[in-house]
J.: 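Once you've had a glance at the structure underneath, I'll fire off some questions.
Quick note: residue numbers are just sequence positions, from 1. Read the numbers this way: they start at 1 and go in the same order the structure lists the ligands and their atoms.
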Amino acid sequence: MKQNKIKEGCVKLIWNEYYECMDREKMREVQSQKLYDTVDRVYHNVPFYRKKMQSMGLEPGDIKGIDDIVKLPFTTKQDLRDNYPFGLFAVPRSEVVRIHASSGTTGKPTVVGYSRRDIGTFSEVVARSLYSSGASRDDIIQIAYGYGLFTGGLGLHYGAEKIGATVIPISGGNTQKQLQLMQDFNSSVIACTPSYALYLSEAIEEAGIAPESLNLKVGIFGAEPWTEEMRHQIEKSLHIKAFDIYGLSEIIGPGVANECDHQCGLHIWEDHFYPEIIDPDTLGTVEKGNIGELVFTTISKEALPLLRYRTRDLTKLNDSKCQCGRTAVRMEKCTGRSDDMLIIRGVNVFPSQVESVLLEIGETKPHYLLIIHREGALDTLEIWVEVDDYYFSDEIGKLEGLTKKIKNAVESMLGISVKIKLVEPKTIQRSEGKAKRIIDNRKLK
Ligand code: DLL
C-alpha cells in the first residue's frame, strides 16, 4: 500500500500516497466506515460512552456515515480525569502495550494507552509527518523532545525509525551535549519545542559555533504554539527550514498533523483522525473555513478511541488541494487555545499576539513573560522582555526609547494599557520542553 514516490516536478517524498493524496469523496467513504466501526466498538466496550449515547437516545446503528458525527457526544479532558487512569480504555489491560501521560496544571495527569496496532498507527503518522518535513532515511535526526511519559520523544522516535533515519535519542535538556552531538554526529534534523530551538540557537551563538558550520537542514517543532515571526527567527539563527508538527496525547501524540514543503497549513492525517471545527460557546459546527475550536474523533484507535474530543485549540480548516499533491485537509497553524486565552479587563489576550509584536520590532530577545496582577478590582498586565546587555550598559535613553516603542505597539495590538519591563539576558527562566509564558497572580487570590 505504501507508494513512496517522488511527485512530478517536486523532489519531496510522500510516505503514504494512497491515503495522503486520496480523492476526497473516497476519503469520506473510508472515514464513514471507520467511524461506524469506532462507534460500535466504544458502545460495546466503554461504559462511559454507552451511558452517554443511551442518555441521548442513540444507538450505534444511528451513525450511518461521517455526516452523522454531529449526533455523537463530545469528550473533554475532564472526562479523562473523571475516568482516571484507565476507565476509558476500550480493550482489556493485557492488550495495552504502552502508557503515556501529560501533566496538567491541576490534579491528576491525563493518561492515554496504546495497543500494539495503535503504536503502529502512531509510527505511521509520524513517518508521514517526517516525510512531509523533508526528512528521510538519509537523515540523522536528533530528537530533543522529552522521552518518558510525554509523547514527544518516543513518538518522534518510532516514526523516525520507521522511515529508516538514524535516530539520536538524546531527549530534552543537557544543552551542551546537544551541541556536541550535533557537531560530532552531523545531525541534519532537529526535533524539539520551538522555545527550546531558540534556546539552542542562543547556546550555539554563545559557544561561538557558526550555524552554517553545522549540518542541520530541517527543524521539526511543535508541542506549543509559535508564531510565523518565531519561525523566521529560528530559521535565521539556525540556518534551517522550520516545520510545524501538531498533536496531542489524547488523540495519539505528535503527528496528528504536519506542514509540507509549501507551509500553507498542516495536513491532518484524516484517515485516522477526523477533524471538526466548532464554536466553543454554542458547540455548533462553524461555517466552512471559519476559525473555531478543533475537535477530533479517532477513527482507527483501539485502546483509547475518543469521540469528538475537544482540543481547546483554535484554528480553521482548508480542504483545497495543496500544491504538494496531498489532498489531506489542512489546519491553520494554531496560535491560541480557547482556554489559555487571558481575559484582562474584558479584553481577550493571547500570548502569541504579544510575541508577534516583539518579534516584529526585532530589537528584543524572543523571551518574554506575561504577569497578570489584580490591584483592587483592576487587572493589570506586566510584560517582561529580555534585551541585550548593551541596553543596560548604554545611556538610559535607549532603554526608555525601546520600552516606549514596545508599549505603544503592544497597546495598539491589544487595546489595553500594559506595563513593559525590559530585563537582562537570562532573567526569564528557560524551558527544555514547553515554554511557560504566563504568571497569572489573580488565581492565587
Ligand atoms: O504536545 C504532543 C506533541 C509532541 C506535539 C511533540 C508536537 C510535538 P500534549 O502534551 O498532550 O501533546 O499537548 C497537546 O499542545 O492541544 C496544543 O495546545 C499544543 N500543541 C501541540 N502541538 C502544537 C503546535 C503534545 N504545533 C497540546 N502548535 C495541544 C500549537 C501545539 N500548539
J.: Report yes if some N/O of I245 lies less than 3.5 Å from some N/O of ligand 1; otherwise report no.
T.: yes
J.: Using 30° and 60° as the class limits, which term best fits the ring planes of Y114 and F122: parallel, tilted or perpendicular?
T.: parallel
J.: Please determine if E228 and K333 form a salt bridge, counting it only when a charged side-chain N lies under 4.0 Å from a carboxylate O.
T.: no
J.: Suppose we measure from atom 25 (C) of ligand 1 to each protein heavy atom; which comes out shortest, and what is that distance?
T.: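 The closest heavy atom on the protein side is G247 O, 3.6 Å.
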J.: Is the Y147-H157 ring centre distance short of 6.0 angstrom?
T.: yes
J.: Should one rank P225, A223, S249 by closest heavy-atom distance to atom 19 (C) of ligand 1, which comes out on top?
T.: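 Checking each option, the heavy atom nearest atom 19 (C) of ligand 1 is found in A223.
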J.: Take every heavy atom of K434, measure it against each atom of ligand 1, and state whether any distance is under 4.0 Å.
T.: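 Under 4.0 Å: yes for K434.
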J.: Taking Q31 for its side chain and E270 for its backbone only, find out whether a donor-acceptor pair lies under 3.5 Å.
T.: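 Yes: the side chain of Q31 pairs with the backbone of E270.
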J.: When you compare ligand 1 with D313, is there at least one nitrogen or oxygen pair between them that comes in under 3.5 angstrom?
T.: yes
J.: Are R128 and E17 ion-paired here, with the side-chain N under 4.0 Å from a carboxylate O?
T.: no
J.: Mark up the atoms of ligand 1 that fall under 4.0 Å of a heavy atom belonging to G152, in ascending order.
T.: 4 (C), 6 (C)
J.: For ligand 1, which part of D244 has a heavy atom less than 4.0 Å away: the side chain, the backbone, both, or neither?
T.: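 D244 to ligand 1: side-chain contact only, backbone stays beyond 4.0 Å.
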J.: Just heavy atoms, cut-off under 4.0 Å: does K333 contact ligand 1 by side chain, backbone, both, or neither?
T.: neither
J.: Enumerate the atoms of ligand 1 whose separation from the nearest heavy atom of R337 is less than 4.0 angstrom.
T.: 16 (O), 18 (O)
J.: Do me a favour and list the nearest non-hydrogen protein atom to atom 31 (C) of ligand 1 with residue, atom name and distance?
T.: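 Checked against all protein heavy atoms, atom 31 (C) of ligand 1 sits closest to E224 N, 3.6 Å.
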J.: Is it true that Y19 and W269 have ring centroids separated by less than 6.0 Å?
T.: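 Ring centres of W269 and Y19 not closer than 6.0 Å.
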J.: Go through ligand 1 atom by atom and flag the ones less than 4.0 Å from a non-hydrogen atom of Y145.
T.: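 Answer, ordered by atom number: 6 (C), 8 (C).
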J.: Between D244 and R231 (salt bridge meaning N to carboxylate O under 4.0 Å), is one present in this structure?
T.: no
J.: Under 4.0 Å between a Lys/Arg side-chain N and an Asp/Glu carboxylate O for R430 and E202?
T.: yes
